[in-house]
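Everything on this sheet refers to the single structure shown next.
Just so you know, these numbers use all the heavy atoms, side chains as well, and skip hydrogens, waters and symmetry mates. Position 1 is the first residue of the sequence; numbering continues from there.
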Amino acid sequence: MLVTSRRRRGWRSTTVHGERVWVASDTGPAVIGFLRPHIVLPEWLLGMSPAQQSHALAHERSHLEARDPLVIAVALVVLTLMPWNGALWWQFSRLRRAIEMDCDARVIRSGCDVSAYCETLLHVGQQKSKRLPWLPAMSDSVSFLELRIRQMLRRPGKWVRGSTAALLCLSLGMAVFAAQVTPPDALPLHALSMAAPDQGVLDRYTGFYQISPMSLVHVTQADGSLSVHITGQMAAPKPFQLVHVRDDQFAVRGNDALAVRFMVDASGRAARLIATQTGRVVLDRPRIDDVTALRVNDALATRIKAQKPFAGSEKALRLLLDDPDSGAGMSPELARERREQKAARERYLTRIGPVRSYTFTGVNEFGSDTYLVHRQNGDETIMLVVDEDGTLASAVRYSPLASPPDS
């Protein structure tokens, strides 16, 4: 209780989707409190999509409506009276899981989309939240989260009602103190992978997906897994592996914040590739045929060989150097990134000083125009891409004097 009280001093109260909640830096999602329980959300949850926030709130609200905090209080009293009883601790762990699965069932019965809710569990499980030290059994194994997802996705049998009733009766004495959407430890998304599909299934995802006239995604299949190589993009200089999660959804090995899913057409072949980062769509591109892909690769190779800047390249550079607050003349993605990085970018520009001159130095291996910008306190390198209509599509800058934002 003292630990919670100290942490609460740094929390702020706000309203999320009509629900009054506390927002902490890295605690939750959870329901905390015995007599007057309340929902606590971590700051990172507010950066997820509105639908995922709604699903997380629905889970915690279900705990409140079921009076789970009061049940948990009874469980703690029993454990305090008989802490030497190993059987009680075992029941504590088992029934904590039962109450979480029962909460999942209530959320699904309320009309929540099962697939979207499961995806929220996966995304929340990728984040790190501090443990509450007075809970000895808050951490769950990866297999339990997989079990919860499997339980929700499979068709219910005749025994479900009787089994659920029995578990609910037992949970009157044993449950958890803070009911959380997922375990507070970061759960690697690739660790939750279901059985890998066979080669024939994976073949329907392989092929090319166009990003721009000289950039594409190439998905290949080997040894029962998918490999992704992106051309013409500095953000992805090396191929990466996809690990099957379920249906047409995949995790990115080594990066739990990223996920990939494929939209499949009536013929059973993937028609689009959609990549998300912490729930936000960062790439949504259509499939193209081999002939079109060859033209895209040829365009990139030709540009690198010619070493000539984009039409409107210098104008786009000057726009970037002027550092406007408006995103006019920039792609929506770049404008959004600049808004999010405004404070860091301003510190960076103050450190390196005003512009004195700049020089075009060529086209790099990703097809980006590269400039050496001479500033008062040193040089910086800027690499940019300009669309056919003159829009500044992307920009990356670097200086050895400071750590700049991406744009």
Arg397 bridged to Glu337 by N-O distance under 4.0 Å: no

Check for me whether Arg287 meets the cation-pi criterion with Tyr205, that is, NZ or CZ under 6.0 Å from the six-membered ring centre and within 45 degrees of the ring axis. no

Validation row: Asp369, Val385 side chains within 4.5 angstrom (heavy atoms): no

Expected output: side-chain Thr391 to main-chain Ala393 donor-acceptor under 3.5 Å: no

Under the side chain to side chain contact (heavy atoms under 4.5 Å, CB included) criterion, do Leu258 and Asn255 qualify, and how do the steps go? CA-CA 6 Å; Leu258 287 174; Asn255 191 332; 3.4 Å; yes

Donor-acceptor pair, Gln277 side chain versus Ala257 backbone, under 3.5 Å? no

Answer yes or no: is there a donor N or O on one side and an acceptor on the other, between the side chain of Thr361 and the main chain of Thr370, under 3.5 Å? yes

Write down the atom of Met214, the atom of Phe310, and the distance for their closest heavy-atom approach. CE-CZ, 3.2 Å

Does the side chain of His59 pick up a donor-acceptor pair with the side chain of Glu100 at under 3.5 Å? yes

Without swapping roles, check the side chain of Asp322 against the backbone of Pro324 for a donor-acceptor pair under 3.5 Å. no

Carboxylate-amine/guanidinium contact Arg261 Asp247, below 4.0 Å: no

Listed by chain and number, what are the ring-ring contact (aromatic ring centres under 6.0 Å, His included) partners of Phe240, not counting sequence neighbours? none

Arg246 to His244 - nearest heavy-atom pair and separation: C-NE2, 3.4 Å

How close do Ala316 and Val386 get, counting heavy atoms only, and between which atoms? CB-CG2, 3.8 Å

Using the side chain to side chain contact (heavy atoms under 4.5 Å, CB included) rule, take His229 and Thr231 through it: C-alpha gap first, then chi angles, then the decisive distance, then the call. CA-CA 7 Å; His229 178 63; Thr231 64; 3.7 Å; yes

Report the C-alpha distance between Thr206 and Gln221 in whole Å, list the side-chain angles of each, state the deciding distance to 0.1 Å, and finish with yes or no for side chain to side chain donor-acceptor pair (under 3.5 Å). CA-CA 7 Å; Thr206 60; Gln221 188 269 136; over 6 Å; no

Taking every non-hydrogen atom, the tightest pair across Ser368 and Arg303: C-NH2, 4.1 Å

Walk me through whether Arg20 and Ser13 qualify under side chain to side chain donor-acceptor pair (under 3.5 Å). CA-CA 7 Å; Arg20 197 68 179 173; Ser13 178; 3.0 Å; yes

Treating Asp289 as the side-chain partner and Thr292 as the backbone partner, does any N or O pair qualify as donor plus acceptor under 3.5 Å? yes

When rounded to the nearest 0.5 Å, the distance separating CG of Leu216 from CG of Leu294 is 10.0 Å

Val296 side chain reached by Gln210 side chain, heavy atoms, under 4.5 Å: yes

Among residues at least two apart in sequence or on other chains, which ones pass side-chain contact (heavy atoms from CB on, under 4.5 Å) with Thr350? none

Assess whether side chain to side chain donor-acceptor pair (under 3.5 Å) is satisfied between Glu314 and Tyr358, documenting all intermediate values. CA-CA 10 Å; Glu314 187 174 351; Tyr358 54 81; 2.8 Å; yes

Would you say that Leu242 contacts Val252 through its side chain, given a criterion of any heavy-atom pair below 4.5 Å between the two side chains? yes

Is there a side chain to side chain contact (heavy atoms under 4.5 Å, CB included) between Lys315 and Leu317 once you walk through the steps? CA-CA 5 Å; Lys315 180 180 178 181; Leu317 174 68; over 6 Å; no

Validation row: Gln241, Leu226 side chains within 4.5 angstrom (heavy atoms): no

Show the numbers, then the answer: is there a side chain to side chain contact (heavy atoms under 4.5 Å, CB included) between Phe366 and Ser215? CA-CA 9 Å; Phe366 303 102; Ser215 176; over 6 Å; no

Would you say Val21 and Leu57 make side-chain contact, with heavy atoms under 4.5 Å? yes

Give me the atom names and distance for the closest heavy-atom approach of Val23 to Glu43. CG1-OE1, 3.3 Å

What is the ring orientation for Phe262 with Tyr209, classed by angle as parallel under 30°, tilted 30 to 60°, or perpendicular over 60°? tilted

Verify salt bridge (Lys or Arg N to Asp or Glu O under 4.0 Å) between Lys342 and Asp325, making sure each step is shown before the conclusion. CA-CA 9 Å; Lys342 179 176 171 60; Asp325 289 332; 2.9 Å; yes

To the nearest 0.5 Å, tell me how far His218 NE2 sits from Asn297 CG. 9.0 Å

Between CG on residue Leu372 and OG on residue Ser357, distance to nearest 0.5 Å: 8.0 Å

Do the side chains of Met383 and Asn364 get nearer than 4.5 Å, heavy atoms only? yes

Does any part of the side chain of Arg272, heavy atoms only, come nearer than 4.5 Å to the side chain of Asp284, both counted from C-beta? yes

Does Gly268 offer a backbone N or O that forms a donor-acceptor pair with the side chain of Asp265 under 3.5 Å? yes

Please find the pair of heavy atoms, one from Gly327 and one from Ala335, that lie closest to each other, and give the distance. CA-CB, 3.9 Å

Point-to-point distance, once rounded to the nearest 0.5 Å, from CE of Met330 to CG of Leu384: 10.5 Å

Mind checking what makes side-chain hydrogen bond (donor to acceptor under 3.5 Å, both in side chains) contact with Gln249, not counting sequence neighbours? none

Ser399 versus Tyr348: any side-chain heavy-atom pair under 4.5 Å? yes

For the pair Asp379 and Arg375, find out whether any cationic side-chain nitrogen is under 4.0 Å from an anionic carboxylate oxygen. no

With a 4.0 Å cut-off on N to O distance, would you call Arg338 and Glu333 a salt bridge? no

Other residues, nucleotides, ligands: >12 heavy atoms within 6.0 Å of Glu388 CD: no

If I take atom CG from residue Asp298 and atom OG1 from residue Thr302, how far apart are they, to the nearest 0.5 angstrom? 6.0 Å

Let me confirm one number: the CE-CG distance from Met263 to Asp248, rounded to the nearest 0.5 Å. 8.5 Å

